[in-house]
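What follows is a set of notes on a single structure, which appears directly below.
Labels below follow one simple rule: chain letters A, B, ... track the order of the sequence lines, proteins then strands, and each chain is numbered from 1.
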Amino acid sequence: MRDEKKYIKSVYKNAYSKINAPEELKKRLMDIPSARGRKHKAVLLKITLIAAAVLICFVLSNLATWAATGRPWVVTVSDSMYKRELNKAMEEHSVYTIGATWEAVDVDETQESTTIDEEAD
Amino acid sequence: MDNREFSRLIELYLDTVYRIALSSSRNEADAEDIVQNTFVKLLEQHKKFKDDEHAKRWLIRVAINETHMLYRKRKREDVAINEEAFSLGKTASFSEELSPDENELMAALDLLSVKYRQIVHLFYFEGYSTREISQILEISEENVRTRLLRARKQLKDLLKGDWE
C-alpha cells in the first residue's frame with residue numbers, strides 16, 4: 001500500500017529534477033538582446049541609406065534642371081503651383097487671370113463709357 | 001530591462017520555464033518555442049518586478065499562456081496535435097535516467113489533459129499552494145482544488161496501484 005499524494009510528489013519531483021533546458025536554448029536566449037540590437041542598427045542604417053539616396057537624387061536632378069533651363073525644378077514647380085493658386089483665387093473674385101488676354105476679361109464697357117461721358121459733361 | 005538583468009533571470013528561471021513548457025506541451029521543440037516566446041516577452045515588456053518570486057510567477061503565467069496560444073494556433077490552422085509526440089519516459093535523453101516507477105507515472109501523466117498537467121506540475125514540482133496556483137492561473141482556488149482532485153483520481157486509475 002502506498003500514499004497516493006506522497007508517491008506522486010516524490011516520483012514526479014524526482015523525474016522532473018532530471019530535466020534541464022538545453023544549453024543551446026540558453027545560448028540562443030542569451031543572444032537575443034544583442035541580436036535585437038544588431039537588427040535595430042541594421043534597420044536604422046537602411047533608413048539612413050534610403051534617405052541619403054533620396055536627398056542625392058533630389059540635389060542631382062535639380063542641378064541637371066538648373067544646367068538645362070537656368071532654374072532648378074523645385075523653384076519651377078513651386079512657382080507654377082503658386083500661380084495656379086493665385087489664378088484660382090482671382091477667378092473666385094472675378095479678377096482677370098494671370099497670362100489671360102484682355103478679351104477674356106468680363107468688363108462692363110457701357111458702364112465705363114457712361115462714366116467717361118458724364119465726366120466729359 | 002537591461003541585458004544583465006535579462007541574463008540573470010535566464011540563469012535563474014530558464015529551467016523552471018522549460019519544465020513548465022515541457023510538462024504542458026510534451027514536445028521538446030514546442031517547449032523551446034514557448035520558452036523563447038516567454039523570454040522575448042520579458043525583454044519587450046520592460047516589466048518591473050517587486051522581487052525574483054514575482055518575476056518567476058510572471059514567467060510561469062506567460063509560459064502557460066504561450067502554451068494555450070500554441071494550442072489555439074494549431075487548432076485554427078487545423079494542424080493535428082500529435083498527442084504521442086512527447087513522452088518523458090519515451091524520450092531517449094531521459095528514459096535511461098528514469099526509474100520504472102517514474103516511467104510509469106510519466107506515461108500516466110501523458111494521458112492527462114493539459115490543464116491537469118499544469119496544475120500537477122505547479123503543485124507537486126514547484127510546491128505552490130492551491131491559493132498561489134489560483135493567483136498564477138487567475139482561476140478560483142476551488143477550481144484549482146477540483147482540477148487537482150480529478151488529476152489525482154485519473155492518475156490513480158491509470159496507475160492501478162495499491163493506494164492507501
Report the distance from atom CD of B/E44 to atom CD1 of A/I32, rounding to the nearest 0.5 Å.
9.5 Å
Between B/I34 and B/I119, is there a shared hydrophobic cluster once you connect ILVMFWY residues whose side-chain heavy atoms come closer than 4.5 Å?
no
Using 0.5 Å steps for rounding, measure from the CD atom of B/E32 to the CG atom of A/L25.
5.0 Å
Group every Ile, Leu, Val, Met, Phe, Trp and Tyr by side-chain heavy-atom contacts under 4.5 Å, then state whether B/L59 and B/M69 land in the same group.
no
Examine whether an atom of A/S17 lies under 4.5 Å from a heavy atom of chain B, and if so say whether it belongs to the side chain, the backbone or both; otherwise answer neither.
both
Can you find a heavy atom in the side chain of B/E104 that is under 4.5 Å from one in the side chain of A/V11?
no
When rounded to the nearest 0.5 angstrom, what distance separates CG in A/N20 from CG in B/L22?
11.0 Å
Within 6.0 angstrom of A/K9 NZ, more than 12 heavy atoms from elsewhere
no
Same cluster or not: A/W66 versus A/F58, using hydrophobic residues (I, L, V, M, F, W, Y) connected whenever any side-chain heavy atoms lie under 4.5 Å apart?
no
Minimum heavy-atom separation for A/K26 and B/I10, please, with both atom names.
CG-CG2, 4.3 Å
Linking I/L/V/M/F/W/Y whenever their side-chain heavy atoms sit closer than 4.5 Å, directly or via other members, would B/L149 and B/L112 fall into one cluster?
no
Other residues, nucleotides and ligands only: do more than 12 of their heavy atoms fall within 6.0 Å of CZ on B/R150?
no
Look at B/G127, B/S7, B/A21 and state which one has the largest set of heavy-atom pairs under 4.5 Å with chain A.
B/S7
Minimum heavy-atom distance between A/I8 and B/L105, given as atom pair plus value
O-CD2, 3.9 Å
Take a 6.0 Å sphere around CD of A/E24 and say whether it holds more than 12 heavy atoms from other residues, nucleotides or ligands.
no
Return the set of residues passing salt bridge (Lys or Arg N to Asp or Glu O under 4.0 Å) with B/D15 (not counting sequence neighbours), or none when no residue passes.
none
Please check if B/L42 and B/L70 belong to a single hydrophobic cluster, counting links between Ile, Leu, Val, Met, Phe, Trp and Tyr side chain heavy atoms closer than 4.5 Å.
no
Shortest non-hydrogen pair, B/L14 vs A/A21, comes out as CG-CB, 3.6 Å
Sort B/F125 into side chain, backbone, both or neither according to what part of it lies under 4.5 angstrom from a heavy atom of chain A.
both
I'd like to check B/M106 versus A/Y16 (side-chain heavy atoms, cut-off strictly below 4.5 Å). Are they in contact?
yes
Ring geometry between A/Y12 and B/Y124 (parallel below 30°, tilted from 30 to 60°, perpendicular above 60°):
tilted
Per-residue tally against chain A (heavy atom, under 4.5 Å) across B/V17, B/D2, B/L109 peaks at B/L109
